[in-house]
Student: 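One structure, pasted below without further comment.
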Amino acid sequence: MADETPSDSKLTRTKEKWAREGRFLTGKITRPEDQRLPPGQHLTKDWPVLDLGVVPPVSRERWRLDVYGAIETPVFWTFAEFAAQKQARFTSDIHCVTTWSRYDNDWEGLATRELLAACQPREDARFVTLHSHDGYTTNLALEDFAAEDALLAHSWSGQPLTEEHGGPVRLVVPHLYFWKSAKWLQSIEFLTEDAPGFWEVRGYHNRGDPWAEQRYSDD
Ligand SMILES: Nc1nc2c(c(=O)[nH]1)N[C@H]1C(S)=C(S)[C@@H](COP(=O)(O)O)O[C@H]1N2
Ligand SMILES: [Mo]
């Protein structure tokens, strides 16, 4: 487990610079019915690895899911308990803010809607923050977290998620840029007020809708 987030790495500084300059923005904001590739994106067949450069060693044996905050029923599951929940299989596209997109990713895991049914967010819960083992965080509005194709994924293409892609378990929220899909998921915090995460405080958009090209924060 990394106890320091490499927030001053070369990659982090480069991506902060892109946010300041508005790099990759095309100005297009509509989503034509027949368009699968969001504006400013290009298609890739391989699957790039993007993170802060630290791969935290977390085995399935040691992994726990800790769900806490503005909820009625706190959840603390081992991997076996997590895997014993109702399983979902979703196929979705990846859109990374650095402009690559990858179609037809086959994910398996726990639909976020099933998690919500288990932990029962309180009436006043409106946001979630994901905390990861590399010190990364990212925030989502509850509606975005609850999207019908969002899941906590443990497998990709029928195989356990590899270490480099965020295994044992990562979030997948297909309708937003991929930085919202936290790898090496450690805990999920439900909040009444929004708490911007690692990239959101470094010039990236708070929501990150690829179809509206919400790459960077407006101010
Ligand atoms: N824990 C953690 N999750 C993370 C990141 C990270 O640095 N740490 N990077 C995000 C970014 S910017 C992207 S594009 C995707 C990349 O996922 P991949 O390496 O599986 O392609 O993970 C996201 N989730
Ligand atoms: Mo990214």
Side-chain angles (χ1 to χ4, degrees), residues 1-19 23-25 38 40-58 63-66 90 92-109 112 128-140 144-145 150-157 159-189 196-210 213-217:
M1 203 181 304
D3 41 25
E4 240 182 272
T5 301
S7 57
D8 60 347
S9 71
K10 186 155 179 279
L11 174 72
T12 302
R13 286 197 304 272
T14 303
K15 288 174 79 174
E16 284 182 297
K17 186 163 166 281
W18 289 350
R23 184 83 69 103
F24 309 135
L25 290 176
Q41 297 294 112
H42 69 270
L43 206 52
T44 175
K45 288 250 181 312
D46 57 5
W47 184 10
V49 172
L50 249 102
D51 52 49
L52 305 174
V54 177
V55 177
V58 191
W63 184 82
R64 300 288 183 275
L65 179 65
D66 186 6
F90 298 141
S92 57
D93 300 344
I94 294 171
H95 306 297
C96 172
V97 73
T98 62
T99 76
W100 59 268
S101 292
R102 190 183 189 286
Y103 289 164
D104 294 325
N105 296 277
D106 169 25
W107 305 103
E108 190 176 343
T112 55
V128 294
T129 288
L130 294 306
H131 300 267
S132 297
H133 282 280
D134 58 345
Y136 186 81
T137 57
T138 190
N139 58 310
L140 293 154
D144 284 323
F145 180 76
L151 79 166
L152 313 186
H154 58 68
S155 293
W156 178 86
S157 286
Q159 298 296 322
L161 204 53
T162 60
E163 212 170 47
E164 59 180 359
H165 285 301
V169 176
R170 78 176 299 159
L171 184 69
V172 176
V173 179
H175 73 289
L176 299 177
Y177 283 124
F178 211 33
W179 88 76
K180 294 290 185 181
S181 295
K183 308 204 281 191
W184 311 296
L185 192 57
Q186 180 171 32
S187 60
I188 305 175
E189 181 180 9
F198 184 87
W199 288 119
E200 293 82 4
V201 301
R202 287 176 174 79
Y204 284 78
H205 199 278
N206 198 54
R207 176 149 191 259
D209 175 358
E213 252 198 302
Q214 293 174 339
R215 298 179 191 276
Y216 312 117
S217 56

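We count ligands from 1, going down the list as the structure has it; atoms in each ligand are counted the same way. Residue numbers run from 1 in the order of the sequence given.
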Student: Enumerate donor-acceptor pairs with a distance under 3.5 Å from any side-chain N or O in residues 170-179 to protein atoms, sequence neighbours excluded.
Tutor:
{"from": "R170", "atom 1": "NH1", "to": "H165", "atom 2": "O", "distance (Å)": "2.9"}
{"from": "R170", "atom 1": "NH2", "to": "S181", "atom 2": "O", "distance (Å)": "3.1"}
{"from": "H175", "atom 1": "NE2", "to": "D144", "atom 2": "OD1", "distance (Å)": "2.8"}
{"from": "W179", "atom 1": "NE1", "to": "E200", "atom 2": "OE2", "distance (Å)": "2.8"}

Student: Going by the angle between their ring planes, with limits at 30° and 60°, are W18 and F24 parallel, tilted or perpendicular?
Tutor: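 Answer is perpendicular, since the angle exceeds 60°.
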Student: Could you pull out all residues at least two apart from S157 that satisfy side chain to side chain donor-acceptor pair (under 3.5 Å)?
Tutor: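 Partners of S157 by the side chain to side chain donor-acceptor pair (under 3.5 Å) criterion come out as none, since no residue qualifies.
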Student: Find the distance between CG (L43) and OG1 (T99) and round it off to the nearest 0.5 Å.
Tutor: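 Answer for the CG-OG1 pair, L43 versus T99, is 11.0 Å.
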Student: For F90, which residues count as a ring-ring contact (aromatic ring centres under 6.0 Å, His included) partner, sequence neighbours excluded?
Tutor: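 Applying ring-ring contact (aromatic ring centres under 6.0 Å, His included) to F90 gives none.
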Student: Does any N or O in the side chain of N139 come within less than 3.5 Å of the main-chain N or O of G197, such that one atom is a donor and the other an acceptor?
Tutor: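 Yes.
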Student: Find all protein N or O atoms under 3.5 angstrom from an N or O atom of ligand 1 and list the pairs with distances, or write 'none'.
Tutor:
{"from": "ligand 1", "atom 1": "1 (N)", "to": "S132", "atom 2": "OG", "distance (Å)": "3.2"}
{"from": "ligand 1", "atom 1": "1 (N)", "to": "D134", "atom 2": "OD1", "distance (Å)": "2.9"}
{"from": "ligand 1", "atom 1": "1 (N)", "to": "D134", "atom 2": "OD2", "distance (Å)": "3.3"}
{"from": "ligand 1", "atom 1": "1 (N)", "to": "K183", "atom 2": "O", "distance (Å)": "3.0"}
{"from": "ligand 1", "atom 1": "3 (N)", "to": "K183", "atom 2": "N", "distance (Å)": "2.8"}
{"from": "ligand 1", "atom 1": "7 (O)", "to": "L52", "atom 2": "N", "distance (Å)": "3.1"}
{"from": "ligand 1", "atom 1": "8 (N)", "to": "D134", "atom 2": "OD2", "distance (Å)": "2.7"}
{"from": "ligand 1", "atom 1": "9 (N)", "to": "L50", "atom 2": "O", "distance (Å)": "3.4"}
{"from": "ligand 1", "atom 1": "17 (O)", "to": "R170", "atom 2": "NH2", "distance (Å)": "3.2"}
{"from": "ligand 1", "atom 1": "19 (O)", "to": "L50", "atom 2": "N", "distance (Å)": "2.8"}
{"from": "ligand 1", "atom 1": "19 (O)", "to": "L50", "atom 2": "O", "distance (Å)": "3.4"}
{"from": "ligand 1", "atom 1": "19 (O)", "to": "K183", "atom 2": "NZ", "distance (Å)": "2.6"}
{"from": "ligand 1", "atom 1": "20 (O)", "to": "H165", "atom 2": "ND1", "distance (Å)": "2.6"}
{"from": "ligand 1", "atom 1": "20 (O)", "to": "R170", "atom 2": "NH1", "distance (Å)": "2.7"}
{"from": "ligand 1", "atom 1": "21 (O)", "to": "W47", "atom 2": "NE1", "distance (Å)": "3.0"}
{"from": "ligand 1", "atom 1": "21 (O)", "to": "P48", "atom 2": "O", "distance (Å)": "2.7"}
{"from": "ligand 1", "atom 1": "22 (O)", "to": "R170", "atom 2": "NH2", "distance (Å)": "3.4"}
{"from": "ligand 1", "atom 1": "24 (N)", "to": "S181", "atom 2": "O", "distance (Å)": "3.0"}

